[in-house]
Protein chains: 2
Amino acid sequence: MAESSTRTVERALVLLGAVCDAGSIPLADAARETGLSASTALRLLRTLEGTGFVRRDAAGAYRPGLRVVQLGVQALAHESLVSLAEPALERLVALTGESAYLSVPSHDGEGIYLAMREGTHSVRHASWVGRSIPLDGTAVGAVLRGEEPAAGFVVVRNGIEADITAIAAPVSPGGQVVAAISVVIPSYRITPAGTRRIGALVAAEADALLAHIPSAPAGQDLTGEPA
Amino acid sequence: MAESSTRTVERALVLLGAVCDAGSIPLADAARETGLSASTALRLLRTLEGTGFVRRDAAGAYRPGLRVVQLGVQALAHESLVSLAEPALERLVALTGESAYLSVPSHDGEGIYLAMREGTHSVRHASWVGRSIPLDGTAVGAVLRGEEPAAGFVVVRNGIEADITAIAAPVSPGGQVVAAISVVIPSYRITPAGTRRIGALVAAEADALLAHIPSAPAGQDLTGEPA
DNA sequence: CTGTAGATTTCACTTATTGAAACGTCCTTT
DNA sequence: AAAGGACGTTTCAATAAGTGAAATCTACAG
């Protein structure tokens with residue numbers, strides 16, 4: 001039985017996702033969006049409510065509950081990658097003035113931002129931690145998939161977002177890509193020379209990120225605590 | 001059937017909680033801790049894994065997955081209370097040098113820190129966002145329960161944590177307590193006069209927090225977006 | 001080499017989930 | 001005012017789905 005499942009739980013989790021995506025959603029919409037019957041959705045949402053994963057507001061609509069916040073923040077704190085990366089992101093911002101990101105592959109064929117540092121320019125790119133990013137047509141995506149061009153970094157000009165240029169480099173201890181460091185810049189501000197310079201910086205930081213790690217045996221699981 | 005349930009989902013969520021609490025936990029421990037049979041725990045954890053809520057590390061142990069981080073951060077961002085409170089916390093830190101917190105009642109009879117601002121003193125109290133706090137014997141607890149003494153703030157000296165004094169005041173638009181603002185101080189640093197001064201500051205900030213809000217009808221649901 | 005502990009799979013039992021339908025309510029429409 | 005529609009909620013019989021004891025396998029410690 002390679003296939004697991006547990007339909008009920010899967011459905012509940014999908015519902016939870018829908019509620020979190022929406023921020024606030026009435027029962028009927030949640031049911032529609034997840035393709036569940038109203039009664040099933042109600043029952044599952046009630047279970048989620050009873051455990052604090054969602055709550056109802058005065059209007060009766062469902063919202064993400066505090067348990068979600070709690071577990072999420074806890075989990076984020078346990079991700080040692082972000083604490084390792086933070087100084088690197090900071091340096092990148094200091095040296096480039098642009099926003100810098102750490103992202104990792106998610107389970108569903110996308111990527112997700114785990115940490116960011118906002119740039120200092122007044123016109124800056126603003127994404128946010130926890131945001132999903134497609135792997136197609138993005139610099140981060142190319143890197144997370146393992147396409148590392150000779151230069152050591154990937155540049156995507158006006159990819160998913162128009163007028164935005166992204167420069168990304170892989171964090172790949174032992175050849176296995178576990179994360180990407182990237183810098184995102186309004187395209188009008190970028191020059192060929194600047195691209196090379198920043199690309200080199202990003203690649204250098206990405207390389208250095210896990211260089212100190214004594215002996216990452218198989219280059220696996222560096223998303224957890226190093227201990 | 002006033003009682004909801006859905007045993008399977010509840011169990012899965014308890015497991016998820018256990019994994020997040022532990023940070024990293026092998027199947028057997030998770031099963032023991034939740035009182036589930038190994039096979040059931042395995043099946044549920046697999047479901048959680050398939051949806052990205054947990055993942056396995058190289059050793060096979062379970063850890064919080066990225067989905068948890070993602071939803072948690074999303075949810076936290078949607079909490080308008082924290083954006084409203086942040087300036088207040090900042091001011092408190094500026095005026096007192098001590099760490100300041102925003103907390104709300106959780107679903108399980110505890111409280112949870114939703115936002116914090118670290119103090120500037122070299123010896124400071126460090127808790128963290130997402131942390132649970134008991135309601136018994138804490139200043140925050142007293143406030144969240146609705147016990148507002150005449151002074152407008154509660155002081156608890158050496159409560160749960162020894163050598164720590166906490167001063168908390170309720171955020172209660174329309175009489176209903178929805179949150180608490182608090183400052184936490186190493187006890188040796190506090191004086192009677194300082195307590196009064198800080199208490200007044202905390203109470204003032206807590207009062208002012210939702211004063212601007214045009215017309216919070218029944219004083220409900222201010223944890224969500226004000227729209 | 002033997003014994004214990006964990007992880008994983010199998011499988012028969014039945015419990016617990018399911019969704020259509022019915023109900024009450026609150027709107028908007030005619 | 002009455003009719004229509006949408007939503008939240010409850011009921012209930014059918015059965016799909018989850019359960020846990022036991023068996024299997026591996027890894028490791030004695």
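Letters go in sequence order (proteins before strands), and every chain restarts at 1. Every value quoted in this text rests on a predicted model; they were computed, and no experiment measured them.
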Whole angstrom value for the distance that separates P of D/dG8 from CG of A/Asp57 | 11 Å
Salt bridge check: are A/Arg91 and A/Glu205 linked by an N-O gap of less than 4.0 Å?
-> yes
Let me know the distance between CZ of A/Arg56 and P of D/dC7, rounded to the nearest Å.
-> 14 Å
For DNA chain D, the residues among residues 27-40 of chain B that have a non-hydrogen atom under 4.0 Å from it | B/Ser37, B/Ser39, B/Thr40
Distance-only, no hydrogens or angles: does the B/Arg145 side chain make a donor-acceptor pair with backbone N or O of B/Leu135 under 3.5 Å?
-> yes
Please give, in whole Å, the distance from C/dC23 C1' to A/Leu42 CG?
-> 14 Å
From CD of A/Glu10 across to C1' of C/dT17 the rounded distance in Å is 15 Å
Do B/Asn158 side-chain atoms and B/Ala162 backbone N/O form a donor-acceptor pair below 3.5 Å?
-> no
Gap between atoms CZ and C1', on A/Arg11 and C/dA16 respectively (whole Å) = 14 Å
Find which nucleotide of DNA chain D each of A/Ala61 and B/Thr8 is nearest to by heavy atoms, and output the residue with the more 5' nucleotide.
-> A/Ala61
Any side-chain donor-acceptor pair under 3.5 Å between A/His125 and A/Glu161?
-> yes
For the pair made of CG in A/Leu45 and P in D/dT10, what is the distance, rounded to whole Å?
-> 14 Å
Determine whether the side chains of A/Glu10 and B/Thr51 contain a donor N or O and an acceptor N or O closer than 3.5 Å.
-> no
Whole-Å distance between C/dT18 P and B/Arg7 CZ?
-> 13 Å
Classify the side-chain pair B/Tyr62/B/Arg56 by whether it contains a donor and acceptor separated by less than 3.5 Å.
-> yes
Rounded to whole Å, the CZ-C1' distance (B/Arg43 to C/dC11) equals 12 Å
